[in-house]
Amino acid sequence: MGRGIKGSELLPFTLQFLRGRWFALFASFLIMAGAGATYLFGTYSKEIKATLDYDQTTLNLLGFSKDLGANVGVFSGLIAEVTPTWFVLLVGAALNFGGYFMIWLAVTGRIAKPKVWQMCIYICIGANSQNFANTGALVTSVKNFPESRGSMLGLLKGYTGLSGAVMTQIYLAVYGNDSKSLILLIGWLPAAISVIFVYTIRTMKPVRHPNEIRVFYQFLSASILLAVFLMLITLTEKLVTFSKAAYAGAATVVCFLVFSPLFISVREELLIWNMQKHPIGSPMEITVDKSTPEMVESKQVVSMPGSPKQGDEKVEKSCFLTICDRPERGEDYTILQALTSLDMWVLFLATFCGLGASLTAVDNLGQIGESLGYPNKTVTSFVSLVSIWNFFGRVFSGFVSETLIVKYKVPRPLMMTLVLLLACIGYVLVAFPMPGSLYVASIIIGFSFGAQLPLIFAIISELFGLKYYSTLFNCGQLASPLGSYIFNVKLTGFLYDREAMKDLAKKGLTRSSVKALTCIGSHCYRLPFIILTFVTFFGALTSLILVVRTRNYYRSDIYKKFRENAESL
């Protein structure tokens, strides 16, 4: 479709583009690129620890509060069931700015030193905002592109994984190397993005696209180019001292690459524009719906999955009366049916072990680097490496698992098993470090952590349907903060402080003799990461149970009903 746009058509096309699925998807990429502030905790946590005189256990308690807020998204899911998407995004923007702005005020001394419980509430509120971004952008995009959900989830969560490195480059250009200002940046920037695109993202009727998967691979190429540049610039900044102008130049390139999917979206909308003007070989008369220009309406009545067919007089029962009913996998479960399903509980246990251990490793990475004697610049590079490889894990698991399902009927939970086994290798490298091994561990931990999220979200959508997906995918990750609390606060923080106290005793000092309780040496994190290795291995074995239970389902054509119910251009 090589036809261009006449001057008189520019305004109608622009309006169609701004209201279409492809611009909504681009806006979702930007929102998700700002929704990963929680992954920067390792960069600014030392500032909180030093400024507010916290020990490691208290800092890990803050880390748990962050994980609790980031993963308890049930409220955003329930709100999304009864309110429009724009309201969900606005609430998320308010929470994001309010939470992180209060932390910034505390760290910079602009307010009286808060109590620990107050700081926990602030960071929990700020982190919880990403659930509203997830629910508003991610859930809507999956419903708009149901046949490409694995690739879609991989891309969207991939941009979230890159957001830490993206915001690091912006903050270095705007504020310089001041980690206190980083807290301010992650307060106002994601909130501003959500407000700008608040009316853009909404659920639309799926439309069959002739080459949809090809378009997603082009989006993937654009995101990989961004990730590679971020990795190169991050490593270069550790070797070369950048001037203010150099930081500004790097941030400019990053922003251009973040916005590059816009060109793909314009091209796809232009294809739709031309096909609507010049339909070729259409079996039925097609007219353009002016209220939602990208969507097409036909003379044929089409019902969406989960909606009653015309003529159906079936009356829906209360969800409490149907709790014992068990729909076929892939059909629309009610919230209670899904939450009481054995499949959900097996997935919950695997998530508890896998994501709980991964969050613990990511949150402690800065302290691990410090304990092993790496300089501050190098420790920052570890955090950036986790963010970048987090992205590669997300897009890899999303696209590869999708290909394995479509072409070879491989159950998606099997991919989760392999990812958890890979994570065990990263934890072993932390428990028994060698020179430079923390670089490799950072890559493995970041990759395996990122790979888990799209798999969990896709599995939930495939097994339990899309009707209540806003709530169910948020319920599915509730195991994550529980695992983080047990493994991070109760296990890792406690054992680290115990080793630090032993070191003080050897020097003849007491806790009151030092301002910050710090442990130096490879022994500091050895025992906790040995335990995390065994926990994650158990999680991998648990996920194998789900593989066995769902293998017959994944051998069927799980996307058939979406192809039958989507409209063709």
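None of these values were measured; they are calculated from a predicted model.
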Qualifying residues under salt bridge (charged side-chain N to carboxylate O under 4.0 Å, His left out), relative to Arg549, sequence neighbours excluded
Asp343
Identify, with sequence neighbours excluded, every residue that meets salt bridge (charged side-chain N to carboxylate O under 4.0 Å, His left out) alongside Arg412.
Glu402, Glu462
Tell me whether [X] contacts the main-chain N or O of [Y] through its side chain, where contact means a donor paired with an acceptor under 3.5 Å.
| X | Y | answer |
| --- | --- | --- |
| Ser543 | Ala540 | yes |
| Thr51 | Glu47 | yes |
| Thr351 | Ala479 | no |
| Ser437 | Pro433 | no |
| Asn131 | Ala70 | yes |
| Gln452 | Ser448 | yes |
| Asn474 | Val74 | no |
| Lys49 | Leu59 | no |
| Ser163 | Gly36 | yes |
| Lys244 | Ala173 | yes |

Should we say atom [atom1] of [X] is surrounded by more than 12 heavy atoms from elsewhere, each under 6.0 Å from it?
| X | atom1 | answer |
| --- | --- | --- |
| Tyr175 | OH | yes |
| Tyr485 | OH | no |
| Phe229 | CZ | yes |
| Phe537 | CZ | no |

Can you check whether Tyr525 reaches Asn364 side chain to side chain, under 4.5 Å on heavy atoms?
yes
Exercise: identify the closest heavy-atom pair between [X] and [Y]:
| X | Y | value |
| --- | --- | --- |
| Ala137 | Leu156 | O-CD1, 4.5 Å |
| Cys120 | Leu61 | SG-CG, 4.0 Å |
| Ile186 | Ala37 | CB-CB, 3.8 Å |
| Gly450 | Asn390 | CA-OD1, 2.7 Å |
| Tyr122 | Ile103 | CB-CG1, 3.8 Å |
| Cys353 | Gly539 | CB-CA, 3.7 Å |

Can you find a side-chain donor-acceptor pair between [X] and [Y] that sits under 3.5 Å?
| X | Y | result |
| --- | --- | --- |
| Thr360 | Thr492 | no |
| Asn60 | Thr57 | no |
| Asn96 | Ser129 | yes |
| Thr38 | Gln130 | yes |
| Ser358 | Tyr427 | yes |
| Ser141 | Ser28 | yes |

Inter-residue atom distance [X].[atom1] - [Y].[atom2], 0.5 Å rounding:
| X | Y | atom1 | atom2 | result |
| --- | --- | --- | --- | --- |
| Thr518 | Asp503 | OG1 | CG | 10.0 Å |
| Ser371 | Ile520 | OG | CD1 | 6.5 Å |
| Ile425 | Thr533 | CD1 | OG1 | 10.0 Å |
| Cys524 | Glu499 | SG | CD | 6.5 Å |

According to side chain to side chain contact (heavy atoms under 4.5 Å, CB included), who are the partners of Phe75, at least two apart in sequence or on a separate chain?
Val72
Between Val166, Ile224, Leu155, Val386, which is the residue that forms a side-chain contact (heavy atoms from CB on, under 4.5 Å) with Phe391?
Ile224
Which is it for Glu237 and Gln169 under the side chain to side chain contact (heavy atoms under 4.5 Å, CB included) test, yes or no, and what are the steps along the way?
CA-CA 10 Å; Glu237 286 168 357; Gln169 293 304 316; 2.7 Å; yes
Pairing of Asp363 and Lys66 as salt bridge, 4.0 angstrom limit:
yes
For the residue pair Phe97 and Tyr100, is the inter-centroid distance of their aromatic rings smaller than 6.0 Å?
no
For Phe352 and Phe487, I'd like to know if the aromatic rings sit close, meaning centre-to-centre distance below 6.0 Å.
yes
Knowing that exactly one of Tyr469, Tyr468, Phe464 qualifies, which makes a ring pair (Phe, Tyr, Trp, His ring centres under 6.0 Å) with Tyr333?
Phe464
Could you go through the side chain to side chain contact (heavy atoms under 4.5 Å, CB included) check for Leu30 and Tyr159 one step at a time?
CA-CA 8 Å; Leu30 291 190; Tyr159 273 99; over 6 Å; no
